[in-house]
There are 2 protein chains.
Amino acid sequence: MTYAAALQALADPTRRAILEKLRHGPRSVGQLAQGFQISRPAVSQHLRVLCCAGLLDVVPVGARRVYRLRPEGLAQLRVYLEDLWRDALRGFDAPEFPAPRDGT
Amino acid sequence: MTYAAALQALADPTRRAILEKLRHGPRSVGQLAQGFQISRPAVSQHLRVLCCAGLLDVVPVGARRVYRLRPEGLAQLRVYLEDLWRDALRGFDAPEFPAPRDGT
DNA sequence: ACTTACGGTAAGCTATGACTTACGCCGCCG
DNA sequence: CGGCGGCGTAAGTCATAGCTTACCGTAAGT
(Lines give C-alpha, C1' and ligand atoms only; values in the text may rest on other atoms or scores of the structure.)
Protein backbone atom coordinates (compact mmCIF):
# COMPACT_ATOMS: atom_id res chain seq x y z
CA MET A 1 0.00 0.00 0.00
CA THR A 2 3.02 2.24 -0.32
CA TYR A 3 1.61 3.76 -3.46
CA ALA A 4 -0.78 5.80 -1.32
CA ALA A 5 1.99 8.00 0.02
CA ALA A 6 3.54 8.24 -3.43
CA LEU A 7 0.30 9.42 -4.98
CA GLN A 8 -0.21 12.02 -2.31
CA ALA A 9 3.34 13.23 -2.81
CA LEU A 10 2.90 13.45 -6.57
CA ALA A 11 -0.27 15.50 -6.17
CA ASP A 12 1.70 18.68 -5.54
CA PRO A 13 2.95 20.63 -8.59
CA THR A 14 6.06 21.88 -6.83
CA ARG A 15 7.04 18.35 -5.91
CA ARG A 16 6.52 17.21 -9.48
CA ALA A 17 8.74 20.07 -10.60
CA ILE A 18 11.40 18.84 -8.21
CA LEU A 19 11.16 15.36 -9.67
CA GLU A 20 11.40 16.89 -13.10
CA LYS A 21 14.72 18.46 -12.17
CA LEU A 22 15.94 15.19 -10.78
CA ARG A 23 15.22 13.42 -14.04
CA HIS A 24 18.44 14.83 -15.38
CA GLY A 25 20.42 13.47 -12.51
CA PRO A 26 21.08 13.90 -8.79
CA ARG A 27 20.98 17.39 -7.35
CA SER A 28 21.78 19.09 -4.08
CA VAL A 29 19.14 20.99 -2.14
CA GLY A 30 20.60 24.32 -3.14
CA GLN A 31 20.53 23.39 -6.79
CA LEU A 32 16.98 22.21 -6.53
CA ALA A 33 15.87 25.34 -4.72
CA GLN A 34 17.21 27.52 -7.51
CA GLY A 35 14.54 28.58 -9.91
CA PHE A 36 11.70 28.23 -7.46
CA GLN A 37 9.94 31.22 -6.02
CA ILE A 38 9.50 29.48 -2.71
CA SER A 39 12.05 29.50 0.09
CA ARG A 40 14.67 26.84 0.54
CA PRO A 41 13.10 25.45 3.72
CA ALA A 42 9.93 24.92 1.74
CA VAL A 43 11.92 22.88 -0.73
CA SER A 44 13.42 20.91 2.13
CA GLN A 45 9.94 20.09 3.35
CA HIS A 46 8.90 18.89 -0.07
CA LEU A 47 12.00 16.75 -0.25
CA ARG A 48 11.11 15.20 3.07
CA VAL A 49 7.67 14.27 1.78
CA LEU A 50 9.11 12.78 -1.39
CA CYS A 51 11.62 10.78 0.60
CA CYS A 52 8.98 9.46 3.00
CA ALA A 53 6.95 8.44 -0.02
CA GLY A 54 9.89 6.36 -1.20
CA LEU A 55 10.32 8.37 -4.36
CA LEU A 56 13.72 9.81 -3.48
CA ASP A 57 16.81 8.95 -1.58
CA VAL A 58 19.61 11.03 -0.18
CA VAL A 59 23.33 10.72 0.03
CA PRO A 60 25.36 13.22 2.04
CA VAL A 61 28.30 14.61 0.11
CA GLY A 62 30.32 16.78 2.36
CA ALA A 63 28.08 19.41 3.84
CA ARG A 64 25.54 18.92 1.10
CA ARG A 65 22.80 16.41 0.68
CA VAL A 66 22.32 15.06 -2.78
CA TYR A 67 18.89 13.79 -3.74
CA ARG A 68 18.17 11.22 -6.40
CA LEU A 69 15.16 9.50 -7.92
CA ARG A 70 14.37 6.11 -6.46
CA PRO A 71 13.06 3.78 -9.17
CA GLU A 72 11.62 1.29 -6.69
CA GLY A 73 9.18 3.83 -5.38
CA LEU A 74 7.93 4.62 -8.83
CA ALA A 75 7.75 0.93 -9.67
CA GLN A 76 5.11 0.25 -7.05
CA LEU A 77 2.99 3.05 -8.33
CA ARG A 78 3.43 1.72 -11.81
CA VAL A 79 2.08 -1.65 -10.79
CA TYR A 80 -0.96 -0.11 -9.12
CA LEU A 81 -1.79 2.02 -12.11
CA GLU A 82 -1.15 -0.71 -14.60
CA ASP A 83 -3.48 -2.94 -12.68
CA LEU A 84 -6.23 -0.39 -12.44
CA TRP A 85 -5.83 0.47 -16.07
CA ARG A 86 -6.16 -3.14 -17.12
CA ASP A 87 -9.40 -3.48 -15.21
CA ALA A 88 -10.66 -0.29 -16.77
CA LEU A 89 -9.88 -1.64 -20.20
CA ARG A 90 -11.94 -4.74 -19.57
CA GLY A 91 -14.58 -2.42 -20.88
CA PHE A 92 -17.80 -2.94 -19.07
CA ASP A 93 -19.51 -1.25 -21.93
CA ALA A 94 -22.83 -2.50 -20.69
CA PRO A 95 -25.27 0.40 -20.71
CA GLU A 96 -26.87 -1.78 -18.11
CA PHE A 97 -25.12 -2.25 -14.85
CA PRO A 98 -25.41 -4.62 -11.86
CA ALA A 99 -28.97 -4.56 -10.58
CA PRO A 100 -29.47 -1.85 -7.96
CA ARG A 101 -31.31 -4.33 -5.84
CA ASP A 102 -28.00 -6.04 -5.25
CA GLY A 103 -26.44 -4.30 -2.26
CA THR A 104 -22.92 -4.79 -3.54
CA MET B 1 -0.46 17.87 -18.89
CA THR B 2 -3.75 16.30 -17.99
CA TYR B 3 -2.03 13.91 -15.66
CA ALA B 4 -1.75 16.72 -13.12
CA ALA B 5 -5.46 16.68 -12.36
CA ALA B 6 -5.46 12.90 -12.33
CA LEU B 7 -2.67 12.79 -9.78
CA GLN B 8 -4.39 15.27 -7.56
CA ALA B 9 -7.60 13.29 -7.80
CA LEU B 10 -5.83 10.05 -6.93
CA ALA B 11 -4.26 11.60 -3.86
CA ASP B 12 -7.44 11.19 -1.85
CA PRO B 13 -8.04 7.80 -0.19
CA THR B 14 -11.82 8.02 -0.52
CA ARG B 15 -11.52 8.65 -4.23
CA ARG B 16 -9.19 5.69 -4.61
CA ALA B 17 -11.75 3.59 -2.75
CA ILE B 18 -14.37 4.72 -5.24
CA LEU B 19 -12.14 3.69 -8.12
CA GLU B 20 -11.61 0.39 -6.38
CA LYS B 21 -15.34 -0.22 -6.40
CA LEU B 22 -15.54 0.71 -10.05
CA ARG B 23 -12.91 -1.86 -10.95
CA HIS B 24 -15.60 -4.48 -10.78
CA GLY B 25 -17.80 -2.60 -13.18
CA PRO B 26 -20.00 0.48 -13.51
CA ARG B 27 -21.95 1.61 -10.47
CA SER B 28 -24.62 4.16 -9.69
CA VAL B 29 -24.01 6.90 -7.14
CA GLY B 30 -26.21 5.20 -4.58
CA GLN B 31 -24.29 1.97 -4.95
CA LEU B 32 -21.00 3.75 -4.62
CA ALA B 33 -22.12 5.67 -1.56
CA GLN B 34 -23.03 2.46 0.22
CA GLY B 35 -20.31 1.31 2.57
CA PHE B 36 -18.84 4.75 3.07
CA GLN B 37 -19.26 6.63 6.31
CA ILE B 38 -19.49 9.90 4.51
CA SER B 39 -22.69 11.39 3.14
CA ARG B 40 -23.91 10.84 -0.40
CA PRO B 41 -23.31 14.45 -1.46
CA ALA B 42 -19.71 14.03 -0.41
CA VAL B 43 -19.46 11.06 -2.73
CA SER B 44 -21.01 13.13 -5.48
CA GLN B 45 -18.33 15.75 -5.01
CA HIS B 46 -15.61 13.15 -5.22
CA LEU B 47 -17.18 11.81 -8.38
CA ARG B 48 -17.11 15.28 -9.87
CA VAL B 49 -13.41 15.59 -9.16
CA LEU B 50 -12.71 12.20 -10.68
CA CYS B 51 -14.72 13.08 -13.76
CA CYS B 52 -12.96 16.42 -14.20
CA ALA B 53 -9.68 14.58 -13.94
CA GLY B 54 -10.74 12.40 -16.84
CA LEU B 55 -10.67 9.24 -14.79
CA LEU B 56 -14.41 8.56 -14.95
CA ASP B 57 -17.32 9.07 -17.22
CA VAL B 58 -21.03 9.07 -16.61
CA VAL B 59 -24.03 7.74 -18.41
CA PRO B 60 -27.54 8.56 -17.21
CA VAL B 61 -29.71 5.49 -16.88
CA GLY B 62 -33.21 6.54 -16.04
CA ALA B 63 -33.10 8.69 -12.95
CA ARG B 64 -29.70 7.33 -12.01
CA ARG B 65 -26.24 8.22 -13.13
CA VAL B 66 -23.90 5.35 -13.72
CA TYR B 67 -20.17 5.97 -13.38
CA ARG B 68 -17.47 3.99 -15.08
CA LEU B 69 -13.67 3.94 -15.24
CA ARG B 70 -12.19 5.78 -18.20
CA PRO B 71 -9.10 3.97 -19.47
CA GLU B 72 -7.87 6.97 -21.48
CA GLY B 73 -7.46 9.04 -18.33
CA LEU B 74 -5.40 6.36 -16.69
CA ALA B 75 -3.39 5.87 -19.85
CA GLN B 76 -2.00 9.39 -19.77
CA LEU B 77 -0.92 8.95 -16.20
CA ARG B 78 0.66 5.68 -17.15
CA VAL B 79 2.76 7.35 -19.81
CA TYR B 80 3.95 10.04 -17.43
CA LEU B 81 4.92 7.55 -14.78
CA GLU B 82 6.53 5.17 -17.22
CA ASP B 83 8.61 8.00 -18.56
CA LEU B 84 9.71 9.22 -15.18
CA TRP B 85 10.46 5.70 -14.10
CA ARG B 86 12.64 5.08 -17.12
CA ASP B 87 14.68 8.17 -16.38
CA ALA B 88 15.00 7.11 -12.78
CA LEU B 89 16.29 3.74 -13.91
CA ARG B 90 19.01 5.32 -15.99
CA GLY B 91 20.75 5.09 -12.67
CA PHE B 92 22.87 8.13 -12.09
CA ASP B 93 24.75 6.14 -9.55
CA ALA B 94 27.50 8.69 -9.57
CA PRO B 95 28.32 9.54 -5.96
CA GLU B 96 29.45 12.70 -7.63
CA PHE B 97 26.91 15.00 -9.15
CA PRO B 98 26.90 18.00 -11.49
CA ALA B 99 29.34 20.58 -10.21
CA PRO B 100 27.61 22.97 -7.79
CA ARG B 101 29.44 25.86 -9.37
CA ASP B 102 27.31 25.32 -12.42
CA GLY B 103 24.10 27.20 -11.84
CA THR B 104 22.04 24.57 -13.63
C1' DA C 1 39.39 27.81 16.58
C1' DC C 2 36.57 31.08 14.01
C1' DT C 3 33.81 31.70 10.05
C1' DT C 4 30.98 30.55 6.39
C1' DA C 5 28.11 27.54 3.42
C1' DC C 6 24.61 24.09 3.58
C1' DG C 7 20.46 22.42 5.01
C1' DG C 8 17.11 20.36 8.44
C1' DT C 9 13.57 21.67 12.17
C1' DA C 10 10.18 24.55 14.88
C1' DA C 11 6.42 27.68 15.25
C1' DG C 12 2.94 30.28 13.33
C1' DC C 13 -0.16 31.93 9.43
C1' DT C 14 -3.32 31.25 5.62
C1' DA C 15 -5.53 29.08 1.90
C1' DT C 16 -7.52 25.10 0.30
C1' DG C 17 -10.15 20.90 0.44
C1' DA C 18 -13.19 17.55 2.48
C1' DC C 19 -17.42 17.23 4.93
C1' DT C 20 -22.17 18.50 6.47
C1' DT C 21 -27.03 20.15 5.97
C1' DA C 22 -30.44 22.18 3.14
C1' DC C 23 -32.42 22.64 -1.22
C1' DG C 24 -34.02 22.02 -6.05
C1' DC C 25 -34.41 19.48 -10.33
C1' DC C 26 -35.71 15.39 -12.99
C1' DG C 27 -37.43 10.80 -14.25
C1' DC C 28 -40.57 7.24 -12.79
C1' DC C 29 -44.68 4.94 -10.98
C1' DG C 30 -49.07 4.79 -8.66
C1' DC D 1 -50.91 14.42 -11.79
C1' DG D 2 -49.04 14.01 -7.30
C1' DG D 3 -45.55 11.80 -4.60
C1' DC D 4 -41.05 9.72 -4.44
C1' DG D 5 -36.51 8.05 -5.26
C1' DG D 6 -32.08 9.47 -7.07
C1' DC D 7 -28.48 13.13 -7.47
C1' DG D 8 -26.29 17.41 -8.29
C1' DT D 9 -25.43 22.10 -6.22
C1' DA D 10 -24.97 25.86 -2.62
C1' DA D 11 -23.42 27.62 1.65
C1' DG D 12 -20.97 27.17 5.74
C1' DT D 13 -17.57 24.73 9.01
C1' DC D 14 -13.24 22.70 10.27
C1' DA D 15 -8.87 20.37 9.54
C1' DT D 16 -4.84 20.05 7.00
C1' DA D 17 -1.09 21.28 3.70
C1' DG D 18 2.08 24.48 2.17
C1' DC D 19 4.42 28.71 3.02
C1' DT D 20 7.34 31.92 5.85
C1' DT D 21 10.81 33.46 9.31
C1' DA D 22 13.87 32.24 12.82
C1' DC D 23 17.04 29.12 14.66
C1' DC D 24 20.48 25.34 15.23
C1' DG D 25 23.63 21.60 13.98
C1' DT D 26 27.45 20.11 11.02
C1' DA D 27 31.23 20.07 7.44
C1' DA D 28 34.88 22.43 5.33
C1' DG D 29 38.25 26.17 4.72
C1' DT D 30 41.70 29.47 6.52
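Residue numbers begin at 1 in each chain, while the letters A, B, ... track the order of the sequences. Just so it is clear, the values below take in all heavy atoms, side chains as well, and ignore hydrogens, waters and symmetry mates.
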Roughly, in whole Å, what's the span from [atom1] in [X] to [atom2] in [N]?
X        : N       : atom1 : atom2 : answer
Leu32(A) : dG7(C)  : CG    : P     : 9 Å
Arg27(B) : dG6(D)  : CZ    : P     : 16 Å
Tyr67(B) : dG6(D)  : OH    : C1'   : 11 Å
Arg64(A) : dG7(C)  : CZ    : C1'   : 11 Å
Arg65(A) : dA27(D) : CZ    : P     : 11 Å

Sequence neighbours excluded and cut-off under 3.5 Å, please list the side-chain donor-acceptor pairs for residues 42-51 of chain B, or say none.
from: His46(B); atom 1: ND1; to: Arg15(B); atom 2: NH1; distance (Å): 3.2

Looking at Arg48(A), does any N or O in its side chain come under 4.0 Å of the phosphate oxygens OP1/OP2 on dG7(C)?
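Indeed not, no polar side-chain atom of Arg48(A) lies that close.
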Check the phosphate of dG7(C) against Ser44(A), side-chain N and O only, distance under 4.0 Å to OP1 or OP2. Yes or no?
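Checking dG7(C) against Ser44(A), no side-chain N or O comes under 4.0 Å of OP1 or OP2.
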Side chains of [X] and [Y]: does their closest heavy-atom pair fall under 4.5 Å?
X        : Y        : answer
Arg64(B) : Val29(B) : no
Leu77(B) : Leu10(B) : yes
Asp83(B) : Arg23(A) : yes
Tyr67(A) : Arg65(A) : yes
Leu84(B) : Leu19(A) : yes

Does the protein touch nucleotides 15-30 of chain C at the base, only the backbone, or not at all? Give it as B, S and - per nucleotide, heavy atoms under 4.0 Å.
--SSBBBB----SS--
Complementary nucleotide for dT30(D) - Watson-Crick or wobble, under 3.5 Å
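Partner of dT30(D): dA1(C).
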